[in-house]
Amino acid sequence: MSTVLHASTALLPDGWQHDVRITITSGLVAHIEPGAATAADDERVAIAVPGLGNLHSHAFQRGMAGLAECRGTSDDSFWTWREVMYRFLERMGPDDLVAIAALAYAEMLETGFTRVGEFHYLHHDPAGQTYANPAEMSAAIATAAHETGIALTLLPVFYAHGGFGGQDSTTGQRRFVTDLDRFAALRDNAAAALHALPDAVLGLAPHSLRAANLGEISALNTMAGTAPIHIHIAEQTREVDDCLNWSGMRPVEWLLHHAPVDPRWCLVHATHMTDTETQSLAKSGATAGLCPITEANLGDGVFPALDFAKAGGTWGIGSDSNVLIDASEELRLYEYGQRLVHRGRNLLAPAPGTSTGAALFKASLAGGAAALGARSGIAVGNSADLISLDANHPCLIGRSGDALIDGWLFAGGRGVIDGVWRHGKKVVTAGRHHAREALSRRYRATLAGLLG
Ligand code: NGQ
Ligand code: ZN
């Protein structure tokens, strides 16, 4: 059984085409024919573009979105936010995680993310005991992905220490901590939990240079084989200072020096880098994983996006804390950060006459796929993961080609998204995920329990 979408215009890997018939068989793009008439059973869409990868999510944090925006008694910072976050997850069980993650994933699909990289470290029960199935919470993430249809790259997180130099972990971290043997078992069980998903990818993630030491990072690098390896790095200036005090090197410098960083790797944040680090990271072929909304929310700093682009670096976007879920806002803020720093405009467009929106979209599409171990773009053999934009939205009227992407990312935002197909199945219509009502109901009950 095949379904066919007919797009008046579609963004294909080699550019915009008109009257494109996209035949989908078993969830995959089987055939693409530009310049084709519609057939009677075709589903007609106006503007089709590929779905994006969200390369960094902590789904459970969606449940505390907006709850850490009230000033505390000492100077608020990333580190005080982290204490609020640790408290929020004190009672969360597997069913709570399914409920919160599923609504977050439905929201991601509604804004154009068709794959999520879940950087998952909430492994153990509230007392810090391993569940009977050590991957119980990973299975909850897989269930949420299954319920919503989003593609999943699961990144079970290795977390062993509370700070640089093997410091003891704290009580707030008891649900995360493992050693290499327990982690290997957890990851094997997580692999089993992914079987029901059509195109899941299993990677892994040392949480940060604070939580994993050199020997552990080397072992994890081997354990990953060809799969994606993600790590948080150089997000806060205090983290850079602590790393310098501990090792005499800055975090990105330390990692590039000690680990075989290559295209399998995704360095999340990499906010604070010297020019040399920026150049070296770009050359390594690793992806820089940027989460502009969360980085702004947590007061991290601004990633040197312009210099990294000039150096030919690969990058993609993530929604991280999920304080607000919107692919267009992530990309817009990525460009706006550079405008505010450099006091210019259209800084990430590569050449005169080119669209900033299209440059942001295409770069993050490629980087997201690379970091998540998936393929991207509307192309034969790829999963049919696509978005249709509403041609009647005021911000798209009279636009064509790349100007449609500019209208979406800079002006209309998520309201421009009409339909979303994931693995060939329509999961969003008129901007709403098909299961949103039921997912919202369950989410409300869950939050009432957790916050009550
Ligand atoms: C996390 N989040 O693991 O959720 C982290 C905070 C930490 C971000 N870095 C905790 N945005 O880094 O220790
Ligand atoms: Zn993170």
Side-chain angles (χ1 to χ4, degrees), residues 54-65 67-68 76-90 92 97 100-101 104 108 116-124 137 141 153-165 167-178 203-212 228-243 251-252 255 265-272 287-303 316-325 330 333 368 371-372:
N54 174 359
L55 56 64
H56 191 70
S57 160
H58 308 291
F60 76 83
Q61 291 175 14
R62 181 61 177 158
M64 58 172 280
L67 285 176
D76 277 10
S77 68
F78 174 92
W79 307 100
T80 58
W81 168 86
R82 193 172 76 157
E83 291 306 319
V84 176
M85 185 267 278
Y86 287 174
R87 275 202 300 281
F88 174 68
L89 51 71
E90 267 168 10
M92 191 180 296
L97 182 58
I100 294 172
M108 288 175 196
V116 61
E118 183 64 30
F119 194 104
H120 172 66
Y121 58 85
L122 185 58
H123 298 311
H124 313 313
M137 296 297 259
I141 292 294
T153 294
L154 183 66
L155 303 154
V157 172
F158 177 86
Y159 201 115
H161 315 287
F164 289 102
Q167 292 167 38
D168 289 342
S169 57
T170 64
T171 311
Q173 296 161 344
R174 68 192 177 282
R175 302 192 67 179
F176 324 150
V177 290
T178 57
L204 57 73
H207 178 274
S208 55
L209 298 183
R210 291 173 272 128
I229 309 175
H230 290 216
I231 187 168
H232 288 129
I233 199 150
E235 181 179 9
Q236 283 278 314
T237 50
R238 187 179 114 186
E239 185 184 352
V240 176
D241 295 342
D242 289 352
C243 188
V252 172
L255 188 72
W265 284 73
C266 176
L267 277 62
V268 181
H269 308 305
T271 315
H272 300 287
T287 303
L290 285 313
C291 311
I293 293 172
T294 297
E295 289 155 9
N297 184 271
L298 297 179
D300 290 341
V302 183
F303 174 77
I317 49 163
S319 63
D320 194 352
S321 69
N322 296 307
V323 64
L324 186 152
I325 298 173
E330 297 289 0
L333 190 52
L372 297 176

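In this chain, numbering begins with 1 at the start of the sequence shown. Both ligands and their constituent atoms are indexed starting at 1 by order of listing.
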Looking at ligand 1, does any of its N/O atoms fall within less than 3.5 Å of an N/O of Y159?
no
Close approach, E295 and ligand 1, non-hydrogen under 4.0 angstrom:
no
Any idea which atoms of ligand 1 are less than 4.0 Å away from a heavy-atom of M85?
4 (O)
Using a distance threshold of 2.8 Å, state whether an N, O or S atom of H58 lies below it from the Zn ion (ligand 2).
yes
Check the angle between the aromatic planes of F119 and H232 and answer parallel, tilted or perpendicular using the 30° and 60° thresholds.
tilted
A student comparing H207, H232, Q236 should find that the heavy atom closest to atom 7 (C) of ligand 1 comes from H207
Any non-hydrogen side-chain atom of L122 less than 4.5 Å from a side-chain atom of L89?
yes
Do the non-hydrogen side-chain atoms of F88 and M85 ever get within less than 4.5 Å of each other?
no
Within the 4.0 Å heavy-atom shell around L298, which atoms of ligand 1 are there?
11 (N)
Identify the heavy atoms of A234 and V252 that sit nearest to each other, and give their distance.
CB-CG2, 4.0 Å
State, yes or no, whether a side-chain contact exists between L97 and H120 at a heavy-atom distance under 4.5 Å.
yes
So, does F119 sit close enough to ligand 1 that a heavy atom of it is under 4.0 Å from the ligand?
no
Going by atom types alone, do E118 and S57 pair a side-chain donor with an acceptor below 3.5 Å?
yes
Atoms of ligand 1 under 4.0 Å from any heavy atom of W81, numbered from 1 in the order shown, are 6 (C)
Mark up the atoms of ligand 1 that fall under 4.0 Å of a heavy atom belonging to H269, in ascending order.
9 (N), 11 (N)
Geometric class of the H56/H58 ring pair [parallel <30°, tilted 30-60°, perpendicular >60°]
perpendicular
Sub-3.5 Å N/O-N/O distance, Q61 and ligand 1
yes
Between the side chains of S319 and N54, is a donor N or O closer than 3.5 angstrom to an acceptor N or O?
yes
Against heavy atoms of E235, which atoms of ligand 1 measure under 4.0 Å?
8 (C), 9 (N), 11 (N)
Are the ring centres of F176 and F158 closer than 6.0 Å?
no
Atoms of ligand 1 less than 4.0 Å from R210 heavy atoms?
7 (C), 12 (O), 13 (O)
Look only at interatomic distance and state if Y121 has a nitrogen or oxygen under 3.5 Å from any nitrogen or oxygen of ligand 1.
yes
Name of the H56 atom (N/O/S only) found closest to the Zn ion (ligand 2)
NE2
Where does D320 meet ligand 1, judged by heavy-atom distances below 4.0 Å: at the side chain, the backbone, both, or neither?
side chain
